[in-house]
Each structure stands twice: as structure tokens, then as C-alpha cells.
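Inspection log for the structure reproduced underneath, given as C-alpha cells.
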2 protein chains.
Amino acid sequence: MIPIYLPNPSISIKNINKHTIIDMIRFIPGGVSRIELSQALGITRAGVTTIINDLLAGGVVREMNGSHGRSRRVALEINPQMGLALGIDIGATHISTYLADFSGRVIQESEMRIHIDQGPLPVLAAVDEQIHHVLDLAGVPLSRVSTMGIGVPGPINIDAGMVDTPPIMPGWNRYPIRDELQARYGIPVTLNNDAELGALGEWAYGAGRRHDNLAFVKVGSGIGAGLLLNGQIYRGSTGSAGEIGHITIDDNGPRCTCGNIGCLESLAGGIAIAQTMKKEIRRGQKSILDLNALTEDLSYEHVIDAAFKGDLLAQNIINDAGYRLGTAVASLVNLFNPGIVIVGGGVSVAGDILLEPMRKAVRDRSLAATSSPLTIMTSVLGKRAPGMGAVVQAVSQVLHRQLA
Amino acid sequence: MIPIYLPNPSISIKNINKHTIIDMIRFIPGGVSRIELSQALGITRAGVTTIINDLLAGGVVREMNGSHGRSRRVALEINPQMGLALGIDIGATHISTYLADFSGRVIQESEMRIHIDQGPLPVLAAVDEQIHHVLDLAGVPLSRVSTMGIGVPGPINIDAGMVDTPPIMPGWNRYPIRDELQARYGIPVTLNNDAELGALGEWAYGAGRRHDNLAFVKVGSGIGAGLLLNGQIYRGSTGSAGEIGHITIDDNGPRCTCGNIGCLESLAGGIAIAQTMKKEIRRGQKSILDLNALTEDLSYEHVIDAAFKGDLLAQNIINDAGYRLGTAVASLVNLFNPGIVIVGGGVSVAGDILLEPMRKAVRDRSLAATSSPLTIMTSVLGKRAPGMGAVVQAVSQVLHRQLA
DNA sequence: TATTTATTGTCAAGTCATTTAACATTATCT
DNA sequence: AGATAATGTTAAATGACTTGACAATAAATA
């Protein structure tokens, strides 16, 4: 193909080979040798040697398998001791906090339930609490953490570092999340959408390795997708790409929180699954779940749990949600032709009860040429995917920002 | 944003700034000055001067005369006399041939009706005929043409230069289109999908100027979309991205040629429009069109013509097609969040009769945050869009391929 | 076990895109 | 007409990368 060079490249890339080498070393499992780098980049071995010596001197990378000074095929890896990063995944009802080294290994993690609609002040206070909790557990002072990535469930204005008219984050609109955290902790902070971080996390350390085009469909309380296209996070022209949850599935469906009719999210999201279950039980359908026996409100976790225990009603409800998900994913597949669709988020723990009807819907509703080479699977990183993506962004930031 | 550097860049780009400068000069209307280039690329004025001197010496660019501004701003443009390019757009039922200079100005054009299902040999013979026809009209020998771009209505294997299991091109599968033409004419040939060339053409010289993310929806006999994302043509993992025509619109719809049920193309494509019109007339609906009076089979052009003449039945049929198109475009908009959706292809000459119901469907079915900043309009280049895209690819090829 | 071979990595000198820093040219304002 | 600001040019310096010769090792061969 003849590439098109954009009239307005967002950033002028200085040492593009050095940047590429750093990321190849970061993301290729098992490490890369100098000659592999030289072949991939189209520069000579000598050129690679110069760059690698620079990175070795800076402590960014190290040689694997003991230390042959000179040998045949020396694999390189990121030096984990280069620094520590915090990855924070804020969902509608939880905060997950991860402390990881620069190679992406998680050192300590913690989770906490919140409600995002309480607004930024209490939620960011909870984030602060979690950060200190995780650091205490790991016995690491804040001063040793050099970067931080954070994901939230809304469309992001990436330059401003804030959310832009989010459907489900009342009170957060135009709150300066990134700058606030940056000022509070004195380290660089990146702010991203949680689904796009899920895609990035799976691409870096999960099911999406080696895929240039992937979709991460996060099915939790709501439904959103993160897209990685041509090897880059794709955000669209105003940062709200991937809104698969608001594709219309049923013209006669219920009204969605977004104001439209029959959106996928209002039919197959976690909230919808729980509501449907409650409604069906009240209508007298048989189930092992007893609404009166529950101490808390029935949630989609209860439905999934019941399905695993053989409850037919729960299985049917999840099956229907899966088929509807597949209906929307079929549109995505016809339009994007991704190599893999990764299903994450809380509802994805249902596994094939959800995925098999989904795969069927995709087969029924997309071109065979597009759907037959396609893999549809659950997240490898599970609930950690967005948090790991946040770590990746955080580490990218410091590794790429100031290169000599 | 922190960009992610792909582990496997398809081509190692040598003089990236030189490449970028060439394309900025090609595609920014009114020309660009050296200082604008220097600011956009983040290199010094001196660096730009060196590159431009090189391009001036090579005859690739030239200085424009009419200059205005606060100081001696010299605008640069592509040297049209650098060479000639052929752009060829093969559709289901036509071949359009364009002879253009390197600045994209069309010197001569020609159109011919064919049937693509006759297979490659007769169709490529017709292409040859058209090429000589156009060259004769322009009084230019073939030897002065230095490059050629061609578009066909099917998924492309870009490395192989052939179509890959196309739904509507029987007999063409794995025929070496690019290599055949390259051998026949002795000039470099690029092969692309027609819809992606439409997107590229509109981006370069039409409605999509300055847009980083756009969709070109080609509504002709069938329906396909070309996508330009993050400023690059997006093809998906197997080259069949943009198959909007095979999104399911109606679960109770007719069977499509692709084997599935209720595809957009089978409900709103040109063939479907003509068939619906015939069916309704036979059912006794009133229309100014008289099936018996037509010397040829009724086509969608007749329907559009009737609609412009006030025929209510024709208007209603086009209106329905527009709303259905909008249903699919709404999914596209929710997923991609493009800045503009450009509607091209033969049916788009219906204009707002088609587009207004489309816009309504998009409003009804996508998030306001995504659809309100969105422009939906017809192609500026009209039926020339894919051919102009072919010219762009052809010229790109020679300008970028061998740089000192 | 010793020797050969292919592969991988390194070194020093050279090349070339780009920067630095001083200078030249032009349009507009006063 | 002269001042000013913006834009473009030049020559020397910088530094990323290449060239071409050499060194070090694993595996193959003798």
C-alpha cells in the first residue's frame, strides 16, 4: 500500500526508531534481539547497537539470560527496576488500583466499591485512599512512583485531560481530572476512556497481542467498546468512538438513558440483565434466585451465578443478551473487519453462555469473508484489562516523553 | 495523547519529513509556505529550505506567484508538468477513465457501460480501449503517462494486487489485476477498493478536506463504505472493512445475494430501489413511470428522475431507502465518530430526497454528542470521486516510491 | 574433540538530514 | 523613506545512521 502522510501530524516524532525499539522491547513476549529489531525497522545492526547502548546506559532496557557480553542472539527486555507506575480504573461502581513495574508486572492491587455519580471530589478522595492503601501494602513510598494512568467510563477530551459530556458521569463534565491529579501527586498523569484502555491492555499483555486491529467490548453495567485500529488507539473526531452500547437493536425496545429507543445497553447491559431477571421472577418464572431472600438488590452477578448453577431462566436471559450483543458486534465486524473481538467487563465472566449466542449472531449477520477469520473471545486479563491499559499508558508517557 | 509505536511498521520510512512535505503541498488548497511546513513538522526553516530546494531541483514542486501576507510568504504547489496519471474506476456497470496531471487536475475523461460479471478479460480489454480513447482525445501518447491507479468494487488483497473473494465480481477472484496491467503498460499500478478511493478522493480534493476521520458511503447498484481513520485509509485485518451494505437492517427482510437476511444493500441499494419501484407499479400504485413505455429495464436512475419530477411513489421509495441507509450509518457513527459522512455513488444524485431521511435516522439512532458535530452531505466530486482517488494513489506511488 | 560455518553483535570512519546562528529579502506600517 | 516583523537562505556543526571490516558465539561437520 501507498501510505498517506497526514498534513497535520499531531506530534513531530524525533527519534522514531528509538521510540519504536522501546515499544518492540516492551511488548514482544520473550524479548527481542538486536537483529530482529534491525530487520523490523529496516536499519542496520550497527545502528541498532548504537540505540541499544544508549538505552542500556540509561537503564531503560537490559539483556536477558545472564549477561553474555557478546554472543549469538541476546534478547532484550525492559528493565523492570526503571520505575513504578500506578494504573487506576474507575468504573461506574468500582475503583481498581494497580501498582506495577515498567515491564507491566503487577506488584500490588486493590479494589473498592464506589458510585461514580457522587461526582469527582469524593471519588478522587477514594482514589487517593486506594493509592495509599496499595503503596502501604507494597511497602513503597509515593516518591518512588514516577507515573500514573487513569481510565474513566466516558468520552475523553485528550488534550484537555477531562471528560466531555459523559452520559453516565454526572458532575464530572469538564472537571480537570488529569491536571488535578498531576498537581496532587507531582507526577505525569494520562487520562483515557476505560474501554480504550481495555483494548490497549489486551493488546499489550493479553488476547490482542500481535493484532493490528482489535475491538474490546466492555460489558459491565453499561456497554462500550475500545478500538485499536492500524495499531493505534482510535478515538474518533470528538473522542466518542466505540459507543456500541447506543446502537439501536430493537425499534420497539425500551427508552435508554441516552434518550433514544432500543439501545443495546438498555437491552443487554448488566443493569438490563438484572432488571429483566427481576421482572421475570416477579412475573412468576421459575428460578433458584429468591428476591426476598437477597439482602441486597439483585445484580447481574447474581444472574451469572445462577446461570452457572444451572438456572434456566438466568441462562436464557444471558443467552438473549449475548445474541443482542452479537447483533451489534456484527455491525462492528462488517464495518471494521477486526482480527479479534475481545469481550471484557463484569458480564463477560459468564463466558460461553454469553459468547456462543454472540458468535451465532455475528455469523448470521456479517459477511463470511469478514467473520470467518475472526476470533471472538473473553478477555485474558479479565477485570484487570483497563487497569493494565492504564499502566501501559502511564509507562509510555515517561518512556517516550523525554528522549535525549 | 501518548502514541503507541507499532512493533511492525509495514514500511520503514526514510525521509519522513520529505514525504510529509510533498503531501502537504499536494493537498493543502492554495499552497503552503516554507514556514507553515516548518511549524507543522516541528523542524527549522533552514531544514525546510534544504528539502524544498531538493524538490524544486527535481521538478516536483514549484513556487506560486500570487503571494500575500505580512511578508514575503512564498506558497508552494505541486508542479503539474511533473507527469501524467491515469485513474480508472471500475464499477458494477461502468468504467470511468481519467487522465490527470500530478496536481490532480483532470485533463480528459471518458465513461463506458460494461458488466463486471463478464470477468477480467473482456473488462480489462474495455479498459484498454478506454485508455487509448482518452489519450487520443487529449493528444497524448501512452509513453507520457507515468503511473496508473485503479479501483474495483470488491475487497482487495493489497500486497497481492488482486481481489479477495468478492461478493459481486464473479471470475475475478485471485486474478492478478495489478500485475497484469503493470506488465501491459510498463508503469506502476495501484489497485484499491472503489469506496476507499472515493473516501480518498473526497479527502484530497472534495468534501473531506482537513478531516482526519471520514466515511464515504457509496450508494450505487450496491452499497459500500470507504473509511479514512486517523488520516489513513482503513482496510481492516483482511481488507474488507467498510461492508456497510451487509449490515442487517430488517430481521424479516429479503435474502441478500451474500446469503444473509435483510442486508442494507438488499433494501436500499440501487437495484433494490429499482425492484421496489417495479413491484409497486405492478401492484397498481400510481406513478408517472410506465413500465411498458420504457425501451430498457427500469433502473434506479429512472426512479430518481421521476422523484425530481414530483412522482410521489418514487419520492417515497427513495425516502425509505434514505431512512434505512441512515439506520446503518447511525451504527457507523456510533462506532467511528467521524467528522463527516460523504454520500456518493449513482443514487446520491437524488440529493436531499435521500439525505434528509438519512439525517433523521442518524439523529434518532445515535448519541447526540456524536451526531450533532457531524456533517452528512453528498459527494463534492460526484461520480468522479473514486476515479480521483485512483489518481491520488497513482501519483502518491511515483512521488513517494523512489525518493533519493 | 577440534574445526568450520552461519549468525549475530561491535567498532571506526563516513554520509547526510537537520540544527544553529548569522544574514538577506520582502510586505506592511508609520 | 525608514522601521519593523515576518519569512527565507547560507555555512558550519551535530548526530543518527550506514558502510565495511572485524569479533564472538552456537550449531554443524569432520
Side-chain angles (χ1 to χ4, degrees), chain A residues 5 9 11-25 28 30-58 60-77 399-400 402-404, chain B residues 5 9 11-25 28 30-58 60-77 399-400 402-404:
Chain A
Y5 299 89
I11 318 168
S12 91
I13 308 292
K14 258 300 169 29
N15 306 335
I16 197 166
N17 285 330
K18 205 170 191 175
H19 286 274
T20 310
I21 282 178
I22 288 177
D23 279 356
M24 288 187 68
I25 293 175
I28 294 182
V32 220
S33 65
R34 290 168 177 79
I35 194 157
E36 286 156 359
L37 293 168
S38 117
Q39 284 159 355
L41 297 183
I43 64 175
T44 59
R45 286 169 291 156
V48 173
T49 292
T50 316
I51 294 172
I52 295 296
N53 285 345
D54 212 77
L55 294 175
L56 286 169
V60 178
V61 308
R62 67 179 188 188
E63 299 187 331
M64 293 171 75
N65 303 340
S67 50
H68 313 330
R70 293 164 171 181
S71 76
R72 184 190 150 100
R73 209 199 108 99
V74 183
L76 299 158
E77 65 182 350
L399 289 184
H400 291 296
Q402 60 291 59
L403 273 191
Chain B
Y5 299 90
I11 319 167
S12 90
I13 309 291
K14 255 299 168 31
N15 306 336
I16 196 167
N17 285 330
K18 205 170 192 174
H19 286 274
T20 311
I21 282 178
I22 288 177
D23 278 356
M24 288 187 68
I25 292 175
I28 294 181
V32 220
S33 65
R34 290 168 177 81
I35 194 157
E36 286 157 358
L37 293 168
S38 117
Q39 284 159 357
L41 298 183
I43 65 176
T44 59
R45 283 169 293 156
V48 173
T49 292
T50 315
I51 294 172
I52 296 297
N53 284 344
D54 212 77
L55 295 175
L56 286 170
V60 178
V61 308
R62 67 180 190 188
E63 299 189 332
M64 293 169 73
N65 23 18
S67 54
H68 39 46
R70 194 166 159 66
S71 76
R72 63 183 280 217
R73 194 192 107 107
V74 183
L76 299 157
E77 65 183 350
L399 289 185
H400 291 298
Q402 60 290 58
L403 272 191

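Sequence lines set the chain letters: A, B, ... in the order given, protein chains first and strands last, and positions in each chain run from 1.
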Ile35(B) atom CD1 is separated from dA5(D) atom C1', nearest whole Å, by 11 Å
Practice item. Return no unless some side-chain N or O of Thr49(A) is found under 4.0 Å from OP1 or OP2 of dG9(C). Key: no
Here the distance between atom P of dG15(D) and atom CG of Asp54(A), to the nearest Å, is 12 Å
note: Asn15(A), atom CG; dT14(D), atom P; distance rounded to Å ~ 17 Å
query = How about Ile43(B) and Leu37(B): do any of their side-chain heavy atoms sit closer than 4.5 Å?
reply = no
Separation of dT28(C) atom C1' from Arg73(B) atom CZ, nearest Å, is 16 Å
- Query: Within a strict 4.5 Å, meaning less than it, do heavy atoms of the Asp54(B) and Thr50(B) side chains meet?
  - Reply: no
Rounded to whole Å, the CD1-P distance (Ile52(B) to dT7(D)) equals 15 Å
Between Ser33(B) and Ile51(A), whichever has its closest DNA chain D nucleotide further toward 5' is Ser33(B)
Discussion item. Do Thr49(A) and Asn53(A) make a side-chain contact, defined as non-hydrogen atoms from C-beta onward lying under 4.5 Å apart?
Written reply: yes
>> Whether Arg45(A) and Glu36(A) form a salt bridge (side-chain N of Lys/Arg under 4.0 Å from carboxylate O of Asp/Glu) is what I want to check.
In response: no
note: Asn17(A), atom CG; dA17(C), atom P; distance rounded to Å ~ 15 Å
message = Is the shortest side-chain heavy-atom distance between Glu77(B) and Val61(B) below 4.5 Å?
response = no
Using atom names, set out every protein N or O paired with an N or O of nucleotides 19-21 of chain C below 3.5 Å, distance rounded to 0.1 Å.
residue	atom	partner	partner atom	Å
dT19(C)	OP2	Thr44(B)	N	2.9
dT19(C)	OP2	Thr44(B)	OG1	2.8

Separation of dT7(C) atom P from Gln39(A) atom CD, nearest Å, is 11 Å
*Are the side chains of Leu55(B) and Leu76(B) in touch, meaning some heavy atoms are under 4.5 Å apart?*
no
Kindly say whether Val74(A) contributes a backbone atom to a donor-acceptor pair with the side chain of Ser33(A) at under 3.5 angstrom? no
note: Lys18(A), atom NZ; dG15(D), atom P; distance rounded to Å ~ 11 Å
Which of dA16(D), dG9(C), dT10(D) is nearest the side chain of Asn53(B)? It is dT10(D)
